[in-house]
Asker: 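This is the structure, below, for whatever I ask next.
From a predicted model like this one, the values you see are computed outputs, not experimental measurements. Throughout, a chain's letter reflects where its sequence line sits, starting with A, and its residues are numbered from 1.
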Protein chains: 2
Amino acid sequence: MQLDGRTHSLQAAYAARQAVFVDQPAYVRIANDLRARIVSGQLAAGTRLPSRQELAVEYDAAQGVISEATKLLTREGLLVSRPGAGMFVRQRPQRRSLVRSWFRERQAGSPFRQQMEEQGRRGSWEYASETLQAPAEVRERLGLGEPDGDRHDVMRTTYTFSSDDEGPWMLSTSWEPLELTKGTPIAWPEAGEHAGLGVTHRMAAIGITVDAWDEEVWARVASPEEAKHLGIGAGSIVMVVERSYFAGELAVETCDIVVPAETTKLVYNGPVGDS
Amino acid sequence: MQLDGRTHSLQAAYAARQAVFVDQPAYVRIANDLRARIVSGQLAAGTRLPSRQELAVEYDAAQGVISEATKLLTREGLLVSRPGAGMFVRQRPQRRSLVRSWFRERQAGSPFRQQMEEQGRRGSWEYASETLQAPAEVRERLGLGEPDGDRHDVMRTTYTFSSDDEGPWMLSTSWEPLELTKGTPIAWPEAGEHAGLGVTHRMAAIGITVDAWDEEVWARVASPEEAKHLGIGAGSIVMVVERSYFAGELAVETCDIVVPAETTKLVYNGPVGDS
DNA sequence: TCGAATTTGTGCGTATGTATC
DNA sequence: GGATACATACGCACAAATTCG
């Protein structure tokens, strides 16, 4: 194995070590066993697992090892634990579909109809808006130039979306250039006649035609704040969507959307061979 | 707070300290502190962290707590640890863009041009094909009916994509209904004249016009196998793309794509107000 | 109503195996 | 080969939440 640059040597060595570990640590084996019992239905959704102590006896392992194993399954979304009560097999993580694009309707039995209906049933949402000077990353996404002293140049609005039956399920932070909206009726996204109508409608009200969108999707571990807001465990996975709206070449809004990966999937579709 | 006779004074003092810090566990606080030092650049990429022992002294905590904190940061992709060597600040996870859709080109400086070029430089890829009977989930995605005895009804092809400089970076499993391709020159995706030309081209060769695609995106913890194949750590995050191609209402192929979330982002874009 | 038992989350100290230097 | 470092494991302990009589 060649070790040239520092970065490469680190990652290569790490990968190599992984491959060498033929037999797995105890907490992984135990997690595998429990996972098999869960997905096979032997441990049905809602049932309570034996306590840490009992599992430690059953698997002949220390309680810390059991704890490590169940933490793994919790991050995978298979378990939910409540201090004082116990650990429970989670309901099949039925994922909420977040339809991001569609160009035509598909067969009636397909998810699309249901999803649109589901998205149609509105939940509640909270927001907070303020003006400030955009940070570097947002400047780039919006195509803003260098900052002018301390002058505020964007409107930032943070949202928390909640469904009626369950809790919060989506966070988002939207950025709009004040250069476009300052002094217009839509400067504050959630005030006035066009409140809550979406970027496309609002921009249309001041003569800007939004005609394109970009989305960049990735996933990462939730920050402690995000985990708290979304009601998910620390170390859980979230998906991040960086969305931008354009009018021609002009970026008119950019937005970070954060959803729990356990319970959400993003749905895109489109034509083949478009232009 | 009751302290029985066996409790050591050291533990008593610690317990008292615990009561004060009910807000966040010690390992989270330590992780936050280290994270701040990393993202601020105070701990630059490539530098080695103090050893666990040293950190335990520095933060006045047990080694297990330090271990817990650094495990968090490792899952976040900020640290890489090598047994025997130490823990190192990782290079900024520069993400490879996987462009999934675009309907027009955007400004020259934007990521799109670069991304297309980057995707253009081909790496290598391995594959394996076989026929079998589709499992239930695939049957649903392809719109297949009930299985006919043990009869094979799909062609499954698994791929491992590798870039030339780095290792494997994408896994995928493709399923095609034998009903469409059996006996045709394209039955085996990677054999014959149309090998490796993509579903759209291959289907066109037998008179099927692919006109639409769906993608469903989510994220989860990598399976041990996937982690090994992709050269990422156990417990790392992967994104999963379920892609299907359609000819009218007919699903002609469906495919699971798995990429490491640390190093990949998915890029979509489209028009506003399409029909 | 209230106290006792149980359970999880977290923490301590220590020890061993294996990888690296 | 010896020293160092991380990953894992053991056993124990305590706080907070929950459950139940």
Side-chain angles (χ1 to χ4, degrees), chain A residues 1 3 6 9-31 48-75 79-88 224 227 233-235, chain B residues 1-31 48-57 59-75 79-88 233-235:
Chain A
M1 181 183 314
L3 303 181
R6 182 162 209 111
S9 67
L10 292 184
Q11 298 186 344
Y14 186 72
R17 193 187 65 78
Q18 285 298 313
V20 171
F21 248 87
V22 278
D23 59 343
Q24 292 168 329
Y27 73 94
V28 174
R29 287 202 326 273
I30 294 173
R48 183 175 158 278
L49 284 191
S51 73
R52 208 170 56 183
Q53 183 115 33
E54 291 168 321
L55 286 174
V57 173
E58 180 178 337
Y59 284 106
D60 188 25
Q63 293 197 17
V65 177
I66 303 297
S67 183
E68 210 62 40
T70 54
K71 243 188 285 184
L72 250 181
L73 298 177
T74 299
R75 279 206 302 274
L79 289 183
V80 173
S81 57
R82 287 188 298 150
M87 304 181 297
F88 301 84
Chain B
M1 182 186 318
Q2 261 315 14
L3 302 179
D4 68 7
R6 294 183 311 178
T7 307
H8 302 336
S9 60
L10 223 168
Q11 291 177 337
Y14 171 74
R17 198 171 54 115
Q18 274 305 295
V20 178
F21 291 114
V22 284
D23 299 334
Q24 285 182 323
Y27 73 93
V28 173
R29 287 202 331 272
I30 295 173
R48 181 175 159 276
L49 285 191
S51 73
R52 233 166 36 178
Q53 181 113 35
E54 292 168 320
L55 287 174
V57 173
Y59 285 106
D60 188 24
Q63 291 197 23
V65 177
I66 304 296
S67 179
E68 211 62 40
T70 55
K71 242 187 287 184
L72 251 180
L73 298 177
T74 299
R75 277 208 304 276
L79 289 183
V80 174
S81 59
R82 285 189 301 153
M87 304 181 298
F88 301 84

Asker: Heavy atoms under 4.0 Å, any strand shown: does B:T70 hit a base, just sugar-phosphate, or nothing?
Answerer: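 B:T70: no heavy atom of the nucleic acid under 4.0 Å.
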
Asker: What is the separation between atom CD on A:Q53 and atom P on C:dA5, rounded to the nearest whole Å?
Answerer: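 To the nearest whole Å, that distance equals 15 Å.
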
Asker: Using whole Å, report how far CD1 of A:I66 lies from C1' of C:dG9.
Answerer: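 Going from A:I66 (CD1) to C:dG9 (C1'), I get 15 Å.
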
Asker: Each nucleotide N or O in nucleotides 18-21 of chain D that has a protein N or O under 3.5 Å away: list the pair and distance.
Answerer:
none

Asker: If the cut-off is 4.0 Å, is B:S81 near the phosphate of D:dA7, judged by side-chain N/O to OP1 or OP2?
Answerer: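 So the side-chain polar atoms of B:S81 do come within 4.0 Å of the phosphate oxygens OP1 or OP2 of D:dA7, strictly under.
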
Asker: Applying side-chain contact (heavy atoms from CB on, under 4.5 Å), can you list everything that pairs with B:A56, at least two apart in sequence or on another chain?
Answerer: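 Counting only residues at least two positions away or on another chain, B:A56 forms a side-chain contact (heavy atoms from CB on, under 4.5 Å) with B:Q63, B:I66.
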
Asker: Can you measure A:K71 atom NZ to D:dA9 atom C1' for me and round it to whole angstrom units?
Answerer: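 So the two atoms are 14 Å apart, to the nearest Å.
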
Asker: In whole Å, what is the span from the CG atom of B:L49 to the C1' atom of C:dT20?
Answerer: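 Roughly 17 Å, once rounded to whole Å.
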
Asker: Between atom NZ of B:K71 and atom CE of B:M87, what is the distance when rounded to the nearest 0.5 Å?
Answerer: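 Between B:K71 NZ and B:M87 CE, I get 12.0 Å after rounding to 0.5 Å.
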
Asker: Quick one: list whatever passes side-chain contact (heavy atoms from CB on, under 4.5 Å) with A:T74, sequence neighbours left out.
Answerer: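 Per chain and number, A:T74 pairs via side-chain contact (heavy atoms from CB on, under 4.5 Å) with A:L79.
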
Asker: Assuming nearest nucleotide by heavy-atom distance, tell me which of A:R29 and B:M87 is located more 5' along DNA chain D.
Answerer: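 Result of the comparison: B:M87.
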
Asker: Using a 4.5 Å cut-off on heavy atoms from C-beta on, say whether the side chain of A:R75 contacts that of B:R75.
Answerer: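 Answer yes - side chains close enough.
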
Asker: For A:P83, check side-chain contact (heavy atoms from CB on, under 4.5 Å) against everything at least two apart and list the hits.
Answerer: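 So A:P83 forms no side-chain contact (heavy atoms from CB on, under 4.5 Å) with any residue.
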
Asker: Taking atom types as they are modelled, is there a donor-acceptor pair under 3.5 Å from the base of D:dA7 to the side chain of B:R52?
Answerer: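 It does, because a donor-acceptor pair links the side chain of B:R52 to the base of D:dA7 below 3.5 Å.
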
Asker: Whole-Å distance between D:dT4 C1' and B:L55 CG?
Answerer: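 Rounding to the nearest Å, CG of B:L55 and C1' of D:dT4 are 15 Å apart.
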
Asker: Distance check needed: D:dC6 P versus B:L73 CG, whole Å only.
Answerer: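 Computing the B:L73:CG to D:dC6:P distance gives 14 Å.
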
Asker: Find which nucleotide of DNA chain D each of B:G64 and B:E54 is nearest to by heavy atoms, and output the residue with the more 5' nucleotide.
Answerer: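 First, find each residue's nearest nucleotide; the 5'-ward one identifies B:E54.
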
Asker: Check every atom of D:dA9, C:dC12, D:dC10 against the side chain of A:A62 and return the nucleotide holding the closest atom.
Answerer: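 Nearest nucleotide to the side chain: D:dC10.
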
Asker: Among C:dT7, C:dC12, D:dA5, which nucleotide sits nearest the side chain of B:S51?
Answerer: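 Per side-chain heavy atoms of B:S51, the pick is D:dA5.
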
Asker: Think B:Y27 has a side-chain N or O under 4.0 angstrom from the OP1 or OP2 of C:dG11?
Answerer: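 No, B:Y27 has no side-chain N/O under 4.0 Å of OP1/OP2 on C:dG11.
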
Asker: What is the distance, to the nearest angstrom, from the CD atom on A:Q63 to the P atom on D:dC14?
Answerer: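 It is 14 Å, rounded to the nearest whole Å.
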
Asker: Who passes side chain to side chain donor-acceptor pair (under 3.5 Å) against A:Y59, sequence neighbours left out?
Answerer: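 Scan of A:Y59 (side chain to side chain donor-acceptor pair (under 3.5 Å), adjacent residues dropped) gives A:D33, A:R37.
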
Asker: Report the residues that fulfil salt bridge (charged side-chain N to carboxylate O under 4.0 Å, His left out) with B:E54, sequence neighbours left out, ordered by chain and then residue number.
Answerer: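 Scan of B:E54 (salt bridge (charged side-chain N to carboxylate O under 4.0 Å, His left out), adjacent residues dropped) gives none.
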
